[in-house]
Amino acid sequence: MSDEVIVSVRDVHKTFTVTKTPGLAQRMRGKRREVNRIEVLKGVDLDVHKGETVVILGSSGSGKSTLLRCMNKLETIDSGRILVNGHLVGYEERGGKLVDEKATVTARKRTDLGMVFQQFNLFLNKTALGNVMAPLQDVKKLSRAAAEAHALESLGKVGLLDRKDNYPSKLSGGQKQRVAIARALAMDPSVMLFDEPTSALDPELVEEVLAVIKAIAAQGTTMVIVTHEMQFARDIADVIVVMDQGIIVEAGTPDEVFFRPKHPKTYALLRRSGLAVEPPGSV
Amino acid sequence: MALALVLGLLVALARISKSRILRSIALVYVEVMRGTPLLVQLVYIFFVLPAIGVNIDPVPAGILGLGLNYAAYLSEVFRSAILSVEAGQTEAALSLGYTPGKALWRIVLPQSFIVSLGPIGNYFIAMVKDTALTSVIAVTEILKTANVINAQTFETTQVYTAAALLYLLISLPLSRIVSALEKRARVHV
């Protein structure tokens, strides 16, 4: 681990706007359009250092997935700054304000961030190998042969060389997720983002995916992981971050967070997942 | 047919684009083309356009009319097929560094094309049969030819049965080809 900061999140705010348009009958009765604003991120600060594994915990709706998706601009932010390798992703700053940058520039910067989704999102019309090769050819502009060689190497890392010619429909959930990891990894990103990578898996398939993620972490890959797997978080994390209602309520090493939680919300979260810990302030 | 496919795709893209103007133009186009009879459109192209100085020969006029008309229907097929591809596919592509345009072109469209094969086949066959309508603008297609032969021979039953069989002869293989294509493409999705 070094002092070099890969992802820097500063005072990020985000509001979801949910517009409810009433039906015709209701409108005739004078009902107006309702606009609900939900603040999902209320000033989040976070640094991810090179080689570090940061795990974000929190109950659903705490904003942890949104924070992750803001890092590569799958979600926009309202204010604050997120820098990846020192650059804003998806924005440029003009007169102190964030302005959308050109899509081609954003696309290039996004290759710095590999993302693994809860729902795998493998390209359904491509084989396992085809999935890993596609962005190497389409985005990195590698030749077919070079892309294939690199893709095979990446599939080897997740232990799926024997499945390379299978389409996603013929792969188990765990295998799909491992292909998705290989696909993201093959682009050589400087940080890997995992958005609840095992939440959509059958319990018996969780372990194989976690094992692959651990192996990648052991090679010194910088990672941000959103997960509900507490044991895994404790094993793998250098830093644990606990979020609640759009803010980070606690951050520390696994030992600090798991054995000496400072915030009542952390304690509640740990209790719920069956990990017995001392309540805050009792030690 | 090629005209209908290309134009249909363009109209579909316009209908889901971010630009309000493009969306409105495409919507008006689809509504006008679907809301008026093909027969009227053909007559319009062939007989009304010359009045404003645009002269088109019967065959190109027929192709243009059928193409413009079917483009409207196909655009709806493409639009729903594109929307049926999960958002996750686009998100995955974007996260891997595809630009939005490239994600659409390389990832979403190939998948939506597989979904639309069946309906496209349907419209292909309907189009073959609608070529009969171009006889009104003096295109010498099957029905027109049958009329001519009938006028000479008065063998009404044989002539029109033969005409009907000719349509079948074209559309049956077409439908077989489409379902074969569909089967092959759908294996994995």
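Labels below follow one simple rule: chain letters A, B, ... track the order of the sequence lines, proteins then strands, and each chain is numbered from 1.
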[atom1] of [X]: more than 12 outside heavy atoms within 6.0 angstrom?
| X | atom1 | answer |
| --- | --- | --- |
| B:Ile21 | CD1 | no |
| A:Glu93 | CD | yes |
| B:Arg34 | CZ | yes |
| A:Phe16 | CZ | yes |

Review point. Do side-chain atoms of B:Gln89 reach the backbone of A:Leu122 as a donor and acceptor pair under 3.5 angstrom?
Key: yes
Review point. Taking C-beta and beyond as the side chain, do B:Ser95 and A:Phe117 meet within less than 4.5 Å on heavy atoms?
Key: yes
Practice item. Flag the pair B:Leu96 / A:Arg110 as yes when at least one side-chain heavy-atom distance between them is below 4.5 Å, and no otherwise. Key: no
Review point. Atom CD1 in B:Ile107, atom CG in A:Asn131: separation rounded to 0.5 Å?
Key: 8.0 Å
Practice item. Give, for atom CD of B:Gln111 and atom CG of A:Leu124, the distance between the pair rounded to the nearest 0.5 Å. Key: 5.0 Å
Which members of [range], sorted by number, sit under 4.5 angstrom from chain B on a heavy-atom basis?
| range | result |
| --- | --- |
| residues 171-190 of chain A | A:Arg183, A:Ala184, A:Met187 |
| residues 134-162 of chain A | A:Ala134, A:Pro135, A:Asp138, A:Val139, A:Lys141 |
| residues 61-78 of chain A | A:Arg69, A:Asn72, A:Leu74 |

**Study point:** Residue B:Ala103 versus chain A: region with a heavy atom under 4.5 Å
**Key:** neither
Point to revise | Residue part contacting chain A, namely of B:Pro110, when any heavy atom lies under 4.5 Å | key: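 Both backbone and side chain of B:Pro110 come within 4.5 Å of chain A.
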Review point. At a heavy-atom separation under 4.5 Å, does A:Lys126 approach chain B through its side chain, its backbone, both, or neither?
Key: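 Only the side chain of A:Lys126 comes within 4.5 Å of chain B.
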Quick one: side chains of residues 53-67 of chain B, donor-acceptor pairs under 3.5 Å with protein atoms, not counting sequence neighbours, listed by atom name and distance.
none

